[in-house]
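Take a look at the structure below.
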Amino acid sequence: VFGKDITLILILNNLSSDHKTVKVDISASTVLYTRRAVAEILKANTSVDLGSKQGKHIRLKIPYSYYGKYLTTDKRIQVTALCEVMHMHGVKLLVEKTIILEDTNIIIKIPRRVVVNKAATLEISYANPLPEPVNHCVLLVTLMNQQVKIHLAPLAPRERSRIYFEFTPRRTGPLQLQVDFSCDKFSHVKGFVTIAVAPA
């Protein structure tokens with residue numbers, strides 16, 4: 001989840017009966033959805049001894065403080081591990097994993113029944129998932145082809161807050177509501193619901 005430390009485990013298994021030493025070079029970068037690297041956030045190397053038919057786990061932690069300021073709106077991190085078996089020339093294995101961090105920031109609660117030409121109130125809750133305060137918080141609400149920009153108070157670390165938004169639907173059928181939350185530390189965290197508007 002965005003804002004939290006990331007823990008990964010690399011599992012190495014020696015399928016042969018010979019003892020093997022594996023050199024592991026690990027790197028992690030923030031990337032765009034096109035997989036183009038933005039910034040390298042972690043580089044580590046280690047060496048693992050594997051006995052006959054033995055398996056070992058390598059635990060890797062990427063703290064939020066490493067990736068936070070380099071993450072793009074795509075919220076992707078690419079981790080690669082190059083594993084080289086020592087004393088066996090040319091035996092290398094590349095393991096790649098792309099992590100897409102989830103947002104749990106926006107929660108939209110709609111009334112059980114929304115009726116045409118009658119005012120309805122939505123609850124929009126938003127959160128700061130980071131271990132640090134955020135400022136310049138803005139909520140952009142798009143509904144019925146109109147956008148409303150709402151300036152919000154700063155949020156403390158891990159704080160959740162809510163606003164109530166009133167609207168009156170002018171026609172029956174599905175209505176799409178989109179919410180976009182931005183602040184000085186991250187931007188374009190989106191929430192989306194479809195509201196079924198019933199006839200009067």
Side-chain angles (χ1 to χ4, degrees), residues 1-16 20-50 53-108 125-140 155-160 178-192:
V1 176
F2 173 59
K4 301 238 175 108
D5 295 349
I6 299 163
T7 302
L8 299 167
I9 295 171
L10 176 68
I11 301 168
L12 295 176
N13 286 313
N14 179 7
L15 301 178
S16 76
K20 286 187 170 55
T21 300
V22 182
K23 182 170 161 256
V24 184
D25 289 315
I26 299 170
S27 68
S29 299
T30 56
V31 292
L32 300 171
Y33 74 95
T34 57
R35 295 184 61 166
R36 188 168 72 81
V38 176
E40 187 172 73
I41 53 173
L42 182 78
K43 207 165 181 53
N45 49 57
T46 187
S47 188
V48 180
D49 287 318
L50 295 171
K53 311 284 187 190
Q54 188 183 17
K56 281 190 180 173
H57 292 192
I58 298 173
R59 185 178 287 269
L60 179 71
K61 187 174 182 180
I62 307 173
Y64 165 73
S65 58
Y66 283 25
Y67 73 80
K69 61 177 178 279
Y70 300 112
L71 209 59
T72 70
T73 52
D74 295 330
K75 294 188 175 61
R76 288 170 188 255
I77 294 172
Q78 176 104 6
V79 182
T80 60
L82 180 63
C83 307
E84 184 179 357
V85 182
M86 305 305 285
H87 315 302
M88 290 182 69
H89 299 297
V91 179
K92 291 182 181 179
L93 174 69
L94 182 68
V95 180
E96 282 190 326
K97 171 124 182 111
T98 302
I99 302 157
I100 303 171
L101 299 175
E102 288 178 26
D103 281 324
T104 53
N105 293 13
I106 303 282
I107 299 168
I108 304 165
S125 88
Y126 52 95
N128 171 15
L130 307 183
E132 57 191 335
V134 296
N135 299 294
H136 311 301
C137 302
V138 175
L139 208 59
L140 195 64
L155 290 172
R158 314 273 188 223
E159 183 185 0
R160 179 170 284 282
Q178 188 173 319
V179 177
D180 188 311
F181 178 59
S182 294
C183 64
D184 62 340
K185 301 283 193 323
F186 55 86
S187 59
H188 305 304
V189 174
K190 295 183 189 298
F192 180 86

Counting C-beta onward and ignoring hydrogens, is there a side-chain heavy-atom pair between [X] and [Y] closer than 4.5 Å?
| X | Y | value |
| --- | --- | --- |
| N128 | C137 | no |
| K23 | N45 | no |
| L71 | I77 | yes |
| V134 | F186 | yes |
| V22 | L93 | no |
| I99 | L101 | yes |
| C183 | L155 | no |
| K75 | V189 | yes |

Closest contact, heavy atoms only, [X] versus [Y]:
| X | Y | value |
| --- | --- | --- |
| S182 | H188 | OG-N, 3.0 Å |
| S47 | T21 | OG-CG2, 3.5 Å |
| Y67 | I41 | CB-CD1, 3.6 Å |
| I108 | G191 | CD1-C, 3.9 Å |
| C83 | L12 | SG-CD2, 4.0 Å |
| L50 | G55 | CD2-C, 4.3 Å |

First locate atom [atom1] of [X], then atom [atom2] of [Y], and finally report the distance between them rounded to the nearest 0.5 Å.
| X | Y | atom1 | atom2 | answer |
| --- | --- | --- | --- | --- |
| L15 | K53 | CG | NZ | 7.0 Å |
| K61 | L8 | NZ | CG | 12.0 Å |
| L130 | R158 | CG | CZ | 7.0 Å |
| K190 | Q178 | NZ | CD | 5.0 Å |
| H57 | R59 | NE2 | CZ | 9.5 Å |
| D180 | F192 | CG | CZ | 13.0 Å |

Between the main-chain N or O of [Y] and the side-chain N or O of [X], is there a donor-acceptor pair closer than 3.5 Å?
| X | Y | value |
| --- | --- | --- |
| D25 | L82 | no |
| K185 | P133 | yes |
| S27 | K43 | no |

Is the [atom1] atom of [X] crowded by more than 12 outside heavy atoms at less than 6.0 Å?
| X | atom1 | answer |
| --- | --- | --- |
| Y70 | OH | no |
| K69 | NZ | no |
| Y66 | OH | no |

Side-chain donor-acceptor contact under 3.5 Å, R76 with T98
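Absent: no donor and acceptor within the cut-off.
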
Under 3.5 Å, is there a donor-acceptor pair linking the side chains of N14 and S16?
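Yes, side-chain donor-acceptor contact under 3.5 Å.
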
Go through it in stages, so that I can follow the logic: the residues are L10 and V79, the test is side-chain contact (heavy atoms from CB on, under 4.5 Å), and I'd like the CA-CA distance, side-chain angles, deciding distance and then a yes or no.
CA-CA 11 Å; L10 176 68; V79 182; over 6 Å; no

